[in-house]
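Taking it in order: structure first as structure tokens, then the write-up.
Values below: every heavy atom of this structure, side chains too, minus hydrogens, waters and symmetry copies.
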Amino acid sequence: MDMLCDIFLWVFDATIGASLVALMVIAIKKIFHHRISARLHHALWLIVLIRLLFPFLPNSPVSIFNIWQLGVDSIKNAVSPHSPVANDASQKEIEQNSKQTNSPQNNKTKQPENQKLLDPSASHQIKIDPDPVEDNHTLGVKIAAIAWLMGCISLLGFMCAYMFRTKNRMSSLKMTTDPQVISILDDCRKRFGITKPIPIYSGSYRKSPHISGLIHPWIYCPEEICKESNASQLTHVFSHELAHYKRKDIAWNMLGLLALAIHWMNPFVWLCVKQMKADRELACDAYVLNVLGEAESVPYGMTIIQFLQRFSTNRQPLHLLHFNEANNKNHMIRRIQMIKSFKAGSYKLSVAAVLCVALMSSVTLTNAAVKVESSVKPVATDKANTEQEARFLFGSDERTYDRFSKGIQTTGFAFKVPDVIAMDYEFRGMYIDEKKLRTNKETHVQIEFSKRGPSSSKDVRFSASNGLNGLEAAYKIIVDEQKKGYGEQKIEKQNLNVQGLDVMKVTFVSQHSAEKNDINYVYYLWQDNGIQYNISSFASDPQEDIVKMISNVKYPDQTMKERYVGYFSYVMGLYDTEDVQHGSKAIGFTPKFPLELPGQFKGTAADISSKVNFSMPANEEDYKTMYLGIYYDVAEKNKRLSGENRISFDQIKDTKIYEDMKKNGNVAFHLGMDDKNIVKVTMLKIAGIEVFKTEKYKRFGESSKAEDPTLISYFWRENDVCFKVTFTDEVSNEEEIVSYLMNQKAVDFQNLK
């Protein structure tokens, strides 16, 4: 059901977008009505047709939908719950929280330690289906989606049945064998450059000639026309139908009917498809006269008028391409006027016409450009560079921060956080995940807290999600993640009441463990002001700690922003120039930071991480050493390796790594606490500098899979810094890149390029 609703919402979005394009086309046709040819009139409709049928179109800064998106964003900002009014309210609560935290009487107002924070009367344990139905759409959307699908299936069924009957009708029709008629058709085929034989069938089921058959075309011509029409009239009839075949109008007509079936709920699309068919007939007439010659314009027009007088009808089906479209008086007048004013060569598209269609296509067959910069908001740099704003470097929907103060500036929504300063827990790091969906934008924030103490392994994860449709949607995501990690599990659900909050406790119990009722993980979920929250931990962690965290959740104050700073082992992403400057303090030196490498390699990401990702740490203290890594790839996506960057450039303040390679002839890469991957190295000189080059190796040593990429690393030393460049599979200009990096200078933060 959710998939159907998503498809329906896409159709709704597409039909609105196509309607805007159609209005633009109508305006152009109206303004330049007498200045553009009949062929161009029809070509402009093809742009609307493509917009209706193609679900995925490229993004472009010149798209007309940039203006539309700007207006939509303005409306969203005006009504968003995170508008300035809401932010003011949040700020007031933050200020109030700050006052309560700093108040000397705050401890007196706290509940006694022995007072229960849980309401036993509201708690009961129940077993639930581990895969409940997620309610992501409103009832109105579901009803509309079902109605749309039924109408779509009905129309498609009707059209398919009609075409099937038309094909079967050939058995009841009589193939024309009159030598004179066949001779006229053959002469027309030669004029249009058609070598494929096209049979003529006659009968009496319709009064007007038409052409049918997408793959095997055939022409229907009523018996009385074949008998009573002269050679000139038959030439006009056959030429018109062959022009439809030559112009591929049968295929375009079927695509128009498909668009009509998909977008049947939009009455404007019906009008557009009808007008498209009318302009197709005019373009076909123009093509006929272009082939027959300007001298035939009057006789051709007289043939149409005579057919109108003889075979007038009130209704012509959209399915067929009739020679005589007599159901619209204005349309017939347009055809006669176009035929009367036809000039030789007017059917051909001029350079100006081609440029017009190209320009229209570029602004209408593209979507609004995605501004990647918006995913990370520019922030002021530190005190050494306060007057200059941070410059955006790398875009990513997934981001990690070691500083809470920086992370909250990029989330785009206000959320509460547990105050764990007085709970023997410390901030470990922050992870932000933005999922840009077709119908909404979901942002997920995860913060890790760990129990203080050198041997403590108790970690708690706090999450806040914006953009989900209710608590059940958040619950469904958790269930899916647990299934992927642990397989099928028994799920127990319990309702709690924590300081007036309705909290859902979800316990996952493994069904395949050696010990019965082995609990893997416990989640506590609740919702507040449209934001979905959860705290997760192992069942061995005291529930009292979790409950205390929930009862102390509040909007972050200045104290929390200053004290929530991650510890050494957490990976820190670098997304703007301020991050790079902050990261240089973590590694203890000013790094090199080139954004491009020879061979069209461009920087894609950068981070600060523990030495375990650089080489094997010498001891427990060495694990705390941090290094900076920059990752590069080619610009063309089709040349990229799945899940891998082709080049990584790492730098660490450590000379022992280089000295050990010089002494032992190998380098040790970290695999586990005491497990290492030993790789041989050889010394060579690049740009006059000693460099150690590894032999080809796999990232996980003997545990690697055959399909895992092959790596080659180069090491060199500059003063007290060791540099490493790793190539994924073979890059043709490895030594050129190494030499280029050797010649780079330490980064200038104010002019980072």
Subject >> Test salt bridge (Lys or Arg N to Asp or Glu O under 4.0 Å) applied to Arg51 - qualifying residues, sequence neighbours left out >> reply: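 Salt bridge (Lys or Arg N to Asp or Glu O under 4.0 Å) check on Arg51 returns nothing, list empty.
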
Original post:
Just wondering, more than 12 heavy atoms not from Phe12 lying within 6.0 Å of its CZ?
Top reply: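 Counting neighbours around CZ of Phe12, 12 or fewer heavy atoms of other residues, nucleotides or ligands fall under 6.0 Å, so no.
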
Original post:
Under 6.0 Å from the NZ atom of Lys196, do we count more than 12 heavy atoms belonging to anything else shown?
Top reply: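 Above 12, so yes.
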
Between [atom1] of [X] and [atom2] of [Y], what distance do you get to the nearest 0.5 Å?
{"X": "Leu155", "Y": "Trp264", "atom1": "CG", "atom2": "CH2", "result": "7.5 Å"}
{"X": "Asp433", "Y": "Arg399", "atom1": "CG", "atom2": "CZ", "result": "9.0 Å"}
{"X": "Thr303", "Y": "His240", "atom1": "OG1", "atom2": "NE2", "result": "12.0 Å"}
{"X": "Leu292", "Y": "Tyr300", "atom1": "CG", "atom2": "OH", "result": "8.0 Å"}
{"X": "Leu595", "Y": "Leu393", "atom1": "CG", "atom2": "CG", "result": "6.0 Å"}
{"X": "Cys221", "Y": "Tyr201", "atom1": "SG", "atom2": "OH", "result": "14.0 Å"}

Original post:
Using 4.0 Å as the upper bound for N to carboxylate O, is an ion pair formed by Arg189 and Asp186?
Top reply: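 Between Arg189 and Asp186 there is a salt bridge, with a charged N closer than 4.0 Å to a carboxylate O.
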
Original post:
In terms of side-chain heavy atoms, does Asp249 have a donor or acceptor partner in His244 at a distance below 3.5 Å?
Top reply: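 Side chains of Asp249 and His244: pair found under 3.5 Å.
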
Original post:
With distance as the sole criterion, is a donor-acceptor pair present between the side chains of Asn266 and Thr15 under 3.5 Å?
Top reply: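 There is such a pair (donor and acceptor under 3.5 Å, judged by atom type) between the side chains of Asn266 and Thr15.
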
**OP:** Locate the shortest heavy-atom distance separating Leu4 from Ala145; write the atom from each residue and the value.
**Re:**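 Here Leu4 and Ala145 meet closest at CG-CB, 4.0 Å.
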
Original post:
What pair of heavy atoms forms the shortest contact from Lys246 to Tyr287, and how long is it?
Top reply: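 Smallest interatomic distance, heavy atoms only, reads CG-OH, 3.1 Å.
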
Subject >> Contacts of type side-chain contact (heavy atoms from CB on, under 4.5 Å), residue Asp607, not counting sequence neighbours >> reply: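 Partners of Asp607 by the side-chain contact (heavy atoms from CB on, under 4.5 Å) criterion, ordered by chain and then number, come out as Val571, Ser609, Tyr631.
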
Original post:
Do the rings of Phe394 and Phe593 sit parallel, tilted or perpendicular, given the 30° and 60° boundaries?
Top reply: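 Rings of Phe394 and Phe593: tilted, as their planes differ by 30° to 60°.
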
**OP:** Please report the C-alpha distance between Ser208 and His210 in whole Å, then the side-chain angles of each, then the deciding distance to 0.1 Å, and finally whether the side-chain hydrogen bond (donor to acceptor under 3.5 Å, both in side chains) criterion is met.
**Re:** CA-CA 7 Å; Ser208 179; His210 64 79; over 6 Å; no

